[in-house]
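Working notes, beginning with the structure itself.
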Amino acid sequence: MTPYDPPRIAERRMAAGMAALPYLVLAVSAGLALLTEDTSWNYRLGVLGLTALAAGWTLWMVTLHPAWMANEKAAGLYIAGLVVFVAALGLLSPWFAGFFAFTGYVHSWHLLRGRWRIAGVAATAAAAVTGYFGGLPDPDPAVISSYVLFIAAIVVLVVLVSLFGDITADQSVRNKKMVEQLAETNARLEETMRENAGLQAQLLLQAREAGATDERQRMAREIHDTLAQGLAGIITQVQAAARARHDPAEWQRHLDNAARLARDSLAEARRSVHAVGPWELESARLPEALAEVAKRWEGIHGVRTEFASTGTVRPLHPEVEVALLRVAQEALANVGKHAGAARVGVTVSYMDDMVTLDVRDDGAGFVPGAHSGGFGMTSMRQRVTRLAGSLEIESEPGAGTAVSATVPAQELR
């Protein structure tokens, strides 16, 4: 009987997901384009035809002949064709530039070598941004500058995300070896330490904490809470800028928001690589940091956001403050993406032995349990449960959403 090995099972599932990802994002992009764009038959046939050709290109070059990708020329030819499809489909609908372009970023980084990886990412970004703009930019310095800025921001963020993946893979290998060594040591000590159950449990806990699964989850949470949210915000601001290109003031506001999000994401990426906490908590207590997050979110999204703090404020353990700050950022990100709210409230409440964070909105709401909520919801729940806390979500269609995270008030000693 094959032993149960969660890390390897997770790796196999991840590999299967990555193999299916190009077809999934292609199908999602095509579906959104058909539902939201031109309804003429010529347009529909064009979308379906190009989608089928793009799927066939990936199927033939990668799925059916994976050994070809070991050849640099074959891999380069495949990426070049993929960039052409991203550009062509992006001109038909920006949905392809937003979703299908992700395949180009991932495949460029994993299939090409050396500087060609960055070249592939840059070519894909240029094709995607061209789709957003509806073609090449007008011969206007401001438009051309924004066009180049968007491409550069996407390339930098994609490269950083990819480097995160490489770092995670290396750390996973080292941690697996560490886990195996700890397991061997534990087996040798087990015969002489049977009566000391407390020490045995501590050794097992240390082995698990040093394992690849915990490290992968930590890196995944940091990537989602920093780079993924930053990319989503930049795409939103780029789309808004494109819609407001005839209003210089509004266009400039969205452009400034996109640039600020790019700078903040770069700073958070560097801090995550070195396992440094959020900059908001460097010189401020949790309430001040949450107030700053709420204020910045209000400035970007233009939604009235109120912050309040109740109880006696006191320094908490860094893990507690980081967890609550990240939960607030994720909850606000979800409001910005899905709720369509007109008003948002953020409250942190200090009690005798517990501290609670509440994020409420008056947006569209949803039916709890009707969908998984994605990785963001999982990340929030993981952060809270690791601290022996609880996460509750209350919502119903048309009545807004309330997210409440409660954790023990572990004070800083």
Side-chain angles (χ1 to χ4, degrees), residues 221 224-226 228-230 232-233 236-237 257 261 264 278 280-281 284-314 316 319-409:
R221 285 193 298 269
H224 178 273
D225 292 342
T226 56
Q229 287 184 9
T236 300
Q237 294 302 317
N257 285 337
L261 286 170
D264 291 345
E280 292 93 344
L281 292 171
R285 290 186 176 181
L286 179 61
E288 288 82 1
L290 290 172
E292 176 64 21
V293 168
K295 179 181 178 181
R296 291 173 65 234
W297 186 88
E298 179 184 40
I300 292 175
H301 293 274
V303 177
R304 180 182 176 185
T305 305
E306 298 178 351
F307 173 77
S309 174
T310 64
T312 302
V313 178
R314 55 193 184 274
L316 300 176
E319 285 194 34
V320 174
E321 294 193 341
V322 170
L324 293 178
L325 183 72
R326 292 304 193 200
V327 169
Q329 289 174 325
E330 176 60 26
L332 289 173
N334 287 338
V335 174
K337 288 187 290 186
H338 307 299
R343 185 175 179 181
V344 177
V346 180
T347 304
V348 60
S349 304
Y350 289 84
M351 292 165 277
D352 291 339
D353 57 351
M354 305 293 287
V355 59
T356 298
L357 171 74
D358 296 298
V359 180
R360 307 169 307 282
D361 69 76
D362 61 356
F366 62 94
V367 178
H371 55 80
S372 63
F375 183 79
M377 199 73 71
T378 301
S379 176
M380 287 194 294
R381 198 171 299 280
Q382 286 177 346
R383 287 186 180 276
V384 172
T385 54
R386 286 181 72 249
L387 299 174
S390 62
L391 181 74
E392 296 182 1
I393 300 173
E394 297 180 0
S395 182
E396 62 179 80
T401 302
V403 177
S404 179
T406 302
V407 296

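For Asp361 against Val344, the heavy-atom pair with the smallest separation is CB-CG2, 4.1 Å. The shortest non-hydrogen separation linking Val303 to Glu298 is O-CG, 3.0 Å. Listed here is the closest heavy atom pair of Leu290 and Leu324: CD2-O, 4.3 Å. Between Gly365 and Ser395 the shortest heavy-atom distance is CA-OG, 3.3 Å. The nearest pair of heavy atoms linking Asp352 to Arg314 is O-NH2, 3.2 Å. Between Thr347 and Arg360 the shortest heavy-atom distance is OG1-NH1, 3.3 Å.
Rounding to the nearest 0.5 Å gives a distance of 5.0 Å between CD of Gln329 and CZ of Arg326. Once rounded to the nearest 0.5 Å, the distance linking CZ of Arg383 with CD of Glu319 reads 10.0 Å. Atom CE of residue Met380 and atom CG of residue Leu357 lie 10.0 Å apart, to the nearest 0.5 angstrom.
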task: Before giving the answer on side-chain contact (heavy atoms from CB on, under 4.5 Å), spell out for Leu286 and Tyr350 the whole-Å C-alpha distance, their side-chain angles and the decisive distance to 0.1 Å.
output: CA-CA 11 Å; Leu286 179 61; Tyr350 289 84; 3.7 Å; yes

- request: Would you sort out whether Val346 and Phe307 count as a side-chain contact (heavy atoms from CB on, under 4.5 Å), showing the intermediate values?
  value: CA-CA 5 Å; Val346 180; Phe307 173 77; 3.9 Å; yes

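A donor and an acceptor atom, one from each side chain of Ser349 and Thr310, are located under 3.5 Å apart.
For CD of Glu306, the number of neighbouring non-hydrogen atoms (other residues, nucleotides, ligands) closer than 6.0 Å is greater than 12.
Put simply, the side chain of Arg381 gets close to the backbone of Leu391: a donor and an acceptor are under 3.5 Å apart.
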